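Since this is a predicted model, take the numbers as computed values, not measurements. Numbers for residues simply follow the sequence, beginning at 1.
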Amino acid sequence: YALFFSEHLVYVGQASGSKGLLNRRNNYVSGDDGHTTHRQFLLSHPDKQQRRKHIEENVRMAWCELPDGLLAKAIERILIWRLTPPWNRD
């Protein structure tokens with residue numbers, strides 16, 4: 001999956017299992033202050049509820065489904081290496 005902010009790719013990841021993608025999405029919105037998305041907006045949105053709202057309204061998720069977890073991991077690594085999404089470096 002990929003996260004986009006202001007129409008720019010900012011993060012590439014992978015999720016597995018029947019609820020993996022849903023759990024990841026929920027963590028990006030409702031995670032703690034140390035979570036990837038929350039760290040990005042902690043200074044500009046110190047109030048957690050406002051930060052959650054900002055993330056829900058401004059961070060978009062796109063994904064593709066793959067039949068194999070090893071293939072997903074390989075593609076994730078290649079995309080991170082090739083595209084260098086900024087939130088993957090934090």
Requested in this report: Please tell me if the side chains of F5 and Y11 come closer than 4.5 Å, counting only heavy atoms from C-beta onward.
Outcome: no
Sorted by chain and number, sequence neighbours left out, salt bridge (charged side-chain N to carboxylate O under 4.0 Å, His left out) with K48 holds for none
With sequence neighbours left out, the residues meeting salt bridge (charged side-chain N to carboxylate O under 4.0 Å, His left out) with E65 are none
For the backbone of G31 and the side chain of H38, can you confirm whether one donor and one acceptor N or O come within less than 3.5 Å of each other?
yes
So the salt bridge (charged side-chain N to carboxylate O under 4.0 Å, His left out) pairs with at least one residue in residues 12-38 (sequence neighbours excluded) are D33-R51
Worksheet item: Hey, any chance I55 and L21 share a hydrophobic cluster, counting ILVMFWY side chains that come within less than 4.5 Å of each other, even indirectly?
Response: yes
Is there a path of hydrophobic side-chain contacts, each under 4.5 Å between heavy atoms of I/L/V/M/F/W/Y residues, joining V10 to I80?
no
Review point. Is the distance between the ring centroids of F4 and W87 less than 6.0 Å?
Key: no
Considering residues at least two apart in sequence or located in another chain, which fulfil the side-chain contact (heavy atoms from CB on, under 4.5 Å) criterion with [X]?
{"X": "E7", "result": "R60"}
{"X": "L79", "result": "V12, I75, L83"}
{"X": "K73", "result": "Q14, E76, R77"}

*Is E57 salt-bridged to K53, cutoff N-O under 4.0 Å?*
yes
Which heavy atom of [X] sits nearest a heavy atom of [Y], and at what distance?
{"X": "R89", "Y": "T84", "value": "NH2-O, 3.2 Å"}
{"X": "P85", "Y": "L9", "value": "CG-CD2, 4.2 Å"}
{"X": "Y28", "Y": "T37", "value": "O-OG1, 2.5 Å"}

To the nearest 0.5 Å, atom OG of S16 lies from atom CG of N23 at 10.0 Å
Hits for side-chain hydrogen bond (donor to acceptor under 3.5 Å, both in side chains) against N58, two or more places apart or cross-chain, chain-then-number order -> H54
